[in-house]
Amino acid sequence: ERAASFSGDLTWTRGPFEVTGTLFGSRVSRPVQPADLAGASCSDQACITVALVNAAEPTRTWGTELLARYRRGGFTAMVTHGWTRSTELDVDEALRRDVPLTPRHAMSLNAMWQGEAWGRLGIEAYYTGRQSLEDNPYRSVSPGYVLFGGLFERRVGRVRLFVNVENLANVRQTTYDPLIRPTRLPDGRWTVGAWAPLDGR
């Protein structure tokens with residue numbers, strides 16, 4: 001493999017506002033990928049049906065990121081958005097495809113209130129867009145999902161008490177489909193790739 005990449009960003013600030021935009025891209029020549037071996041020979045001890053090969057076409061990735069931040073006193077809010085387009089050659093099908101587990105869109109919103117006397121209060125939300133899936137018998141594209149969380153910290157003298165909650169909506173991949181495949185993959189795996197949280201709230 002041989003990789004080349006570039007990125008550039010521009011930041012604008014005015015008063016409590018700050019906005020940063022980023023453009024990025026990369027090209028990986030002859031990327032290594034697993035490939036099924038058609039007509040593989042098996043012995044009594046083992047059966048090798050997968051090999052690592054160099055793809056004839058490069059993996060190309062490009063995208064943008066936008067970050068906007070607002071700060072005033074003890075309050076801070078930040079919004080981000082990322083757009084990514086990443087494609088590669090499927091060596092088994094000889095066709096270009098989206099790189100698996102790479103969402104086109106990802107967004108976040110974070111807000112924090114902080115006081116010297118009482119502590120901190122924060123909320124967060126994260127959106128992950130649809131993703132192309134590989135070797136998943138249940139679906140070829142995942143649905144998008146949103147994660148919510150929060151943090152509360154209270155100062156009591158020299159002690160800090162805090163509560164941190166994550167994934168309040170209890171988003172779990174197993175809500176949509178099982179993790180276990182009905183059949184084993186050539187490389188020995190029985191599970192599908194993780195495209196959403198597995199542990200829930």
Side-chain angles (χ1 to χ4, degrees), residues 20 22 24 26 31-34 36 50 59 61-71 74-88 90 92 97-115 118-156 159-201:
T20 299
T22 302
F24 63 89
S26 68
V32 174
Q33 290 186 14
D36 292 338
V50 177
T59 296
T61 302
W62 61 94
T64 60
E65 292 180 353
L66 179 67
L67 182 150
R69 182 184 288 118
Y70 175 85
R71 294 176 181 168
F75 175 75
T76 302
M78 184 172 65
V79 178
T80 67
H81 176 267
W83 177 83
T84 304
R85 176 79 164 122
S86 188
T87 62
E88 66 181 6
D90 185 334
D92 293 325
R97 65 176 183 182
D98 288 340
V99 173
L101 304 179
T102 306
R104 292 276 183 94
H105 295 277
M107 300 176 64
S108 70
L109 168 63
N110 295 268
M112 179 74 71
W113 294 265
Q114 185 166 352
W118 59 272
R120 294 185 298 166
L121 173 65
I123 58 173
E124 59 184 7
Y126 299 95
Y127 168 75
T128 300
R130 296 185 302 169
Q131 306 168 64
S132 173
L133 304 179
E134 181 181 34
D135 297 327
N136 189 317
Y138 307 110
R139 63 180 68 234
S140 59
V141 178
S142 74
Y145 59 87
V146 180
L147 303 179
F148 298 99
L151 167 71
F152 176 73
E153 179 184 304
R154 176 68 174 170
R155 296 181 182 180
V156 182
V159 177
R160 295 185 179 186
L161 307 175
F162 67 90
V163 175
N164 184 36
V165 291
E166 298 181 0
N167 195 3
L168 285 173
N170 197 32
V171 175
R172 288 178 293 116
Q173 184 170 328
T174 51
T175 302
Y176 300 89
D177 307 303
L179 290 177
I180 306 300
R181 293 173 46 86
T183 58
R184 192 175 186 178
L185 286 170
D187 61 7
R189 286 180 295 148
W190 278 101
T191 58
V192 299
W195 52 264
L198 302 179
D199 50 359
R201 186 182 299 112

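In what follows, residues are counted from 1 in the order of the sequence shown.
Under a 3.5 Å cut-off, the side chain of R69 and the backbone N or O of M78 do not form any donor-acceptor pair. Not a single donor-acceptor pair under 3.5 Å links the side chain of R172 to the backbone N or O of T174. Put simply, the side chain of N167 never gets that close to the backbone of L147: no donor and acceptor are under 3.5 Å apart.
Judged as a side-chain contact (heavy atoms from CB on, under 4.5 Å), and not counting sequence neighbours, the contacts of E65 are T22, F24. Applying the side-chain contact (heavy atoms from CB on, under 4.5 Å) criterion to W62, with sequence neighbours excluded, gives R60, W83, R85.
Between atom OG of residue S140 and atom CD of residue Q131 there is a gap of 12.5 Å, rounded to the nearest 0.5 Å. With rounding to the nearest 0.5 Å, the separation of CZ in R104 from OG1 in T128 is 15.0 Å. Atom NE2 of H105 and atom OH of Y127 lie 7.5 Å apart (nearest 0.5 Å). Of the inter-residue distances, the one linking L101 atom CG with S132 atom OG reads 8.0 Å to the nearest 0.5 angstrom.
Around the CD atom of E166, the shell of radius 6.0 Å holds no more than 12 heavy atoms that belong to other residues, nucleotides or ligands. Within a 6.0 Å radius of CZ in F75, more than 12 heavy atoms belonging to other residues, nucleotides or ligands are found.
P182 and W190 make their closest contact through O-CZ3, 4.0 Å (heavy atoms, listed as atom of the first residue, atom of the second, distance).
Residue pairs meeting the salt bridge (Lys or Arg N to Asp or Glu O under 4.0 Å) criterion with at least one partner in residues 128-139, sequence neighbours excluded, are R97-E134, D135-R189, R139-D177.
Using modelled atom types and a 3.5 Å distance limit, the side chains of T80 and S108 yield a donor-acceptor pair.
In this structure the side chain of N110 never reaches within 4.5 angstrom of the side chain of I123, judged on heavy atoms. Looking at heavy atoms from C-beta onward, Q173 lies in side-chain contact with W195 at the 4.5 angstrom threshold.
Ring pair F152/W118 is parallel by interplanar angle, where below 30° counts as parallel and above 60° as perpendicular.
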